[in-house]
Amino acid sequence: MMKKVREFDNILDECLERVIKGETVEVCLADYPDYAAELEPLLRTALDTREAAAIEPRPEFRDKARYQFQAALREMEPEKSRGFFSWQPRWVTVVAIVVVLLLAGSGTVVAASNSLPGEFLYPVKMATEAVQLVFTPSALGKAELYARLADKRIDEIIRMAEKGKVKQVERATERLNSHLIAMAALDIPGGEELLEAEIATFEAAPAPAPVEEAPLAAVEEESVIAAPRAAGPPEDVGPNERARLRGLLSRHAVENWNALLAAWEAAPESLRAALEQALEVAAAGYEQALRNLE
Amino acid sequence: MQDEESLIRRAQQRDPMALTQLYEENFDKIYRYIVLKIGDRTEAEDMTQQVFLNALKSISSYRWKGMPFSSWLYRIAHNQVVDYYRKKSKRATVPLDESIKAGDDDPQRTAERVVEIEELALATKKLTGAQQEVISLRFAAELSVAEVAKAMGKSVGAVKALQHSAIAALRRVMAVGTG
């Protein structure tokens, strides 16, 4: 008896799914003639229930709610980058910093800097980057560092895609997203000065002075660990520094986007969704980071 | 297609794109779930908004355990509904038919729809708590049986049995109502 009831529960659910997907009630009843008399009224009631419940929110309400949700989103403080150390107990942080400092300049750290996700030395690479962030107190320095880390993540995404590793592409994309969000959340001084300087330049001369761009590659990997900088007075970020960073970042955004696009074009179908996600994250992340420098 | 776990991880980092995607994917379903639970469209609008604002505030505390993200939202919505009924006795409520009128421009269609929703909302109140939950999740939120099972912490077989008894009970209640 119990078995029969369970069988009927299954048949009812199967028919319900089929009818929801577009089959007629009659077709399903024809497949189960022994149960048809009991099934039909239940299916009709279920369909009536589903139809009655399928109300749409009013468009005005939908717009208002969406606006309020987006406003609440804008008011939220971006989450501090949940980097390597945020998941570890304090003693692990201390030990990791000491070990990385001791290894600085050694072959291990240099080798780790070229490692890829999933490789033995990759956690050393992550720890090294986290230590670099700890010893980069200024917002401008952090922004440059995040820009370099984003370049590394994009390189990893492309290399992992070449190896056909979808999961690793997704993980590297998440790390890329964290870097870009963290960069967009930095409080980099000099924005008002820049605006004033731009107005002054505009009023004083028809052509603004060209902004000198220091190549990012020149400062990258000078040493694997950046020398610890003493936390001094508030950084003096002139408008040119800010504009230099903005120019640099926009150049990297374009180059990285093109590299990802080329990887997407060359990728097999199985990798395309993951690379599309990376393209989406890069486009939105760089846009937010650049807006933060306006 | 990016998996939900990675989408949620991005949302927990307060990534606006990921949060907006979760919002858009679940908004209508949460709204329907609440309307069917309380039978009051105006109140349901405020409560739906509140569900998403609450979710936004507490998303960092969400822990991925292989359950669909929507089941967490339905739990927040369910708590809102419980709160609503707790406070209901202390204040006047907007009658269902009054609130529905605002939502549809076609009077003929509105009249039909009002009867259906009113009937349904009243009829579901006659069911047991578990039956009500299955009807709301299965037909308003449009979850599959497997998703309902995860959201309610029951086996698939138990949900199928509940679905059967709930539909049969609804049919009886509605037949009495129209008879």
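With hydrogens and angles left out, the side-chain atoms of B:Asp46 and B:Gln50 include no donor and acceptor closer than 3.5 Å. A:Gln70 and B:Thr20 share a donor-acceptor pair across their side chains, judged by distance under 3.5 Å alone. Counting only N and O atoms by type, the side chains of A:Tyr122 and A:Gln168 include no donor and acceptor under 3.5 Å apart. For the residue pair B:Tyr33 / B:Glu133, a side-chain donor-acceptor distance below 3.5 Å is found, with atom types taken as modelled.
Across every non-hydrogen atom of A:Ala274 and A:Glu170, the tightest pair is CB-CG, 4.2 Å.
In this structure, the portion of B:Arg9 lying under 4.5 Å from any heavy atom of chain A is its side chain and not its backbone. Contacts between B:Tyr31 and chain A at a heavy-atom distance below 4.5 Å involve the side chain alone, from C-beta outward. The contact between A:Leu16 and chain B is made entirely by side chain atoms (from C-beta outward), counting heavy-atom distances below 4.5 Å. Neither the backbone nor the side chain of A:Glu14 comes within contact range of chain B, judged by heavy atoms closer than 4.5 Å. Proximity to chain A (any heavy atom under 4.5 Å) is restricted, for B:Thr48, to the side chain, taken from C-beta onward. Heavy atoms of A:Asp48 lying under 4.5 Å from chain B are absent altogether.
No close placement of the B:Phe27 and A:Phe69 rings is indicated, their centers lying 6.0 Å or farther apart.
Using the six-membered ring where Trp is involved, A:Tyr146 and A:His179 have ring planes that are tilted, between 30° and 60° apart.
In this structure, A:Arg272 contributes its side chain and A:Glu265 its backbone to a donor-acceptor pair below 3.5 Å.
Chosen from B:Lys160, B:His164, B:Glu45, B:Arg32, the residue pairing most often with chain A at heavy-atom distances under 4.5 Å is B:Glu45. Of the residues considered (A:Ala46, A:Ala284, A:Gly285), A:Ala46 shows the highest number of contacts with chain B, using heavy-atom pairs under 4.5 Å. Taking A:Leu12, A:Asn177, A:Val281 one by one and counting their heavy-atom pairs under 4.5 Å with chain B, the maximum is reached by A:Asn177. The residue among B:Leu36, B:Leu170, B:Asp28, B:Leu19 with the most heavy atom pairs within less than 4.5 Å of chain A is B:Asp28. No other option in A:Arg171, A:Arg62, A:Arg50 has as many heavy-atom pairs under 4.5 Å with chain B as A:Arg50. In terms of heavy-atom pairs under 4.5 Å with chain A, the best-connected choice from B:Ile135, B:Asp15, B:Leu53 is B:Asp15.
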